[in-house]
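These notes concern the structure reproduced below.
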There are 2 protein chains.
Amino acid sequence: MDAGGFDAVDVMLEQWRSERPDLDLSGVGILGRVAQLSAVLAGAVEPVFARHGLRSGEFDVLTALRRSGPPYVLIPSALSETLMMSRAGMTSRLDRLEAAGLVRRSLDPDDRRSFHVALTEAGHEVVDAVIAEHATNVAGLVSCLDPGQRQSLDQALRTLLDHVAKRQ
Amino acid sequence: MDAGGFDAVDVMLEQWRSERPDLDLSGVGILGRVAQLSAVLAGAVEPVFARHGLRSGEFDVLTALRRSGPPYVLIPSALSETLMMSRAGMTSRLDRLEAAGLVRRSLDPDDRRSFHVALTEAGHEVVDAVIAEHATNVAGLVSCLDPGQRQSLDQALRTLLDHVAKRQ
DNA sequence: AGAGGATAGTTAGACTCCGAACTATCAGAC
DNA sequence: GTCTGATAGTTCGGAGTCTAACTATCCTCT
């Protein structure tokens, strides 16, 4: 299984070693693999969403609401912060989801600048169905690593995330 | 150092455990951290490019040409495949880079459907300056991991990449 | 040599996202 | 109580990418 072959990142590193042997490549390879893996994983999970008529971004909003627990309500700015995107972008995502009947905006009794964004019954049913398929799908994607490898990968990612976040 | 605190992904997993204890979350956490790390890393490297008037995508094209070695020439379809994007998108990136004087399109003597995309002298100078800064920057970003941790992270990413790519 | 299918690049239109500007509302200082 | 700065959401215009359709060229098979 695995290991043996060279991949696109190996080729990139070998080219750099040949052209610029002075460079410190200790980070470049990891960065390249993270970026590439992120793109490939996105492509691997989208078909599950698409079968239910959802895009990744819409799924992300529905899951944020679903996992927040009853009454499945969040305000737009909390959603945009959780999903690391602009408020303007969230406005249009919510427009789409509301038009599809999956979420509902209602007045926030405590803050008249804001809204409550709630899952509709249809939205709740869709997200519950999709999240089960999604979890099974991604469990398969990481099944090539044994539990120990998964945990050490997860720990390394957590350490990196923490370190990089502190830098800005 | 590190480890101690909970991060956004831990919160997400805890919410799911509370709301849907039936789900297998063995992949969801890793997927979430990879996506988040990819986004955060993108934000951490962009300032280096921006100081030289470049966007990430433009930098990617220049480095692909630079590391290919003399005569620093590739054809557009090779670039679009290496950078995992559509040919249409590459057309417009090359338009921008050519307008900025960093690359030059010329006729491909061997294939009249295609072009040679070459680094100009200005493009060569820019990419050589930026790649050095970039390498130093990312070496700092991964410096929170010791060499052994880096290597095991890299190996896990490679295994995952290989496995996910084979699935599609 | 000629036909048919594959490939290279571009164009057109749609989509998603972002930053900046704007309105409405909140919250603290005086 | 009122003023002032911060915050919530939206709108607008622009940037970057994608897919589909199109033209030109190449390559293979007969």
Side-chain angles (χ1 to χ4, degrees), chain A residues 35-36 38-40 42-43 45-47 49-50 53-62 64-65 73-100 102-118 168, chain B residues 35-36 38-40 42-43 45-47 49-50 53-62 64-65 73-100 102-118 168:
Chain A
Q36 204 170 329
S38 176
V40 173
V45 300
E46 273 161 10
F49 310 147
L54 293 176
R55 311 298 223 76
S56 298
E58 297 161 356
F59 173 77
D60 291 340
V61 173
L62 297 182
L65 289 166
V73 166
L74 292 171
I75 65 173
S77 55
L79 282 166
S80 66
E81 193 169 340
T82 300
L83 304 186
M84 299 197 298
M85 63 181 298
S86 71
R87 291 185 171 124
M90 186 53 64
T91 293
S92 76
R93 269 196 199 175
L94 293 175
D95 286 346
R96 294 196 294 276
L97 284 165
E98 195 166 31
L102 301 175
V103 308
R104 179 172 31 241
R105 278 186 261 224
S106 58
L107 296 178
D108 181 340
D110 299 324
D111 187 340
R112 287 196 293 170
R113 294 169 301 179
S114 186
F115 296 97
H116 280 178
V117 178
Q168 33 206 15
Chain B
Q36 204 170 328
S38 177
V40 172
V45 300
E46 274 161 8
F49 309 147
L54 292 177
R55 311 299 223 79
S56 298
E58 296 162 356
F59 172 78
D60 290 341
V61 173
L62 297 181
L65 288 167
V73 167
L74 292 171
I75 65 173
S77 55
L79 282 166
S80 65
E81 194 170 339
T82 300
L83 305 186
M84 298 195 301
M85 63 182 299
S86 71
R87 291 184 169 123
M90 186 53 63
T91 293
S92 78
R93 270 197 200 174
L94 292 174
D95 286 346
R96 294 196 295 275
L97 285 165
E98 195 167 32
L102 301 175
V103 307
R104 179 174 31 241
R105 278 187 261 224
S106 58
L107 296 178
D108 181 339
D110 299 326
D111 188 339
R112 289 196 292 172
R113 293 170 302 180
S114 185
F115 296 98
H116 280 178
V117 178
Q168 33 206 16

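Sequence lines set the chain letters: A, B, ... in the order given, protein chains first and strands last, and positions in each chain run from 1.
- Considering only heavy atoms from C-beta on, A:His116 stays 4.5 Å or farther from A:Leu107 through its side chain.
- Look at B:Arg93 and you'll find a side-chain N or O under 4.0 angstrom from OP1 or OP2 of D:dT17.
- Straight-line distance from the CD1 atom of A:Ile75 to the P atom of C:dT25: 16 Å, rounded to whole Å.
- A distance-only check finds a donor-acceptor pair linking the side chain of A:Arg93 to the backbone of A:Gly57 [under 3.5 Å].
- Residues A:Arg87 and A:Ser77 form a side-chain contact, since some pair of their non-hydrogen atoms from C-beta on lies under 4.5 Å apart.
- The nearest whole Å value for the distance from the CG atom in A:Asp60 to the C1' atom in C:dC17 is 14 Å.
- For the pair B:Leu83 CG and D:dG16 C1', the computed distance is 14 Å after rounding to whole Å.
- Contacts of B:Arg87 with the nucleic acid, taken as non-hydrogen atoms under 4.0 Å apart, include base atoms.
- For B:Ser114, a side-chain nitrogen or oxygen approaches OP1 or OP2 of C:dG9 to under 4.0 Å.
- Taking every side-chain heavy atom of B:Met85 into account, D:dT17 is the closest of D:dT17, D:dC26, D:dG9.
- With D:dA15, C:dC15, C:dG9 as the choices, the nucleotide that has an atom nearest any side-chain atom of B:Arg55 turns out to be D:dA15.
- Heavy atoms from other residues, nucleotides or ligands lying under 6.0 Å from CZ of B:Arg96 number more than 12.
- For the pair B:Arg105 CZ and C:dG9 P, the computed distance is 10 Å after rounding to whole Å.
- Nearest-nucleotide assignment on DNA chain C puts the 5′-proximal partner with A:Met84, out of A:Asp111 and A:Met84.
- The CG-C1' distance, from B:Leu94 to C:dA8, rounds to 13 Å in whole Å.
- For the pair B:Leu107 CG and C:dA8 P, the computed distance is 17 Å after rounding to whole Å.
- Straight-line distance from the CG atom of B:Asp110 to the P atom of C:dT7: 18 Å, rounded to whole Å.
- Between A:Arg96 and C:dC17, a side-chain N or O to OP1/OP2 separation shorter than 4.0 Å is present.
- Taking atom CZ of residue A:Phe115 and atom C1' of nucleotide C:dT23, one finds them 12 Å apart after rounding to whole Å.
- Contact annotation: A:Thr91 reaches the phosphate of D:dT10 (side-chain N/O to OP1 or OP2, under 4.0 Å).
- Listed pair B:Ser92 / C:dT10 fails the phosphate criterion, with no side-chain N or O lying under 4.0 Å from OP1 or OP2.
- OP1 and OP2 of C:dT23 both lie 4.0 Å or more from every side-chain N or O belonging to A:Arg113.
- Within the 4.0 angstrom heavy-atom criterion, no nucleotide atom of any strand lies near B:Met90.
- Of the residues B:Asp108, B:Leu74, B:Val73, B:Leu94, the one that meets the side chain to side chain contact (heavy atoms under 4.5 Å, CB included) test with B:Val117 is B:Leu94.
- Considering only side-chain atoms of A:Arg112, the nucleotide from C:dT25, D:dC18, C:dG19 that sits closest is C:dT25.
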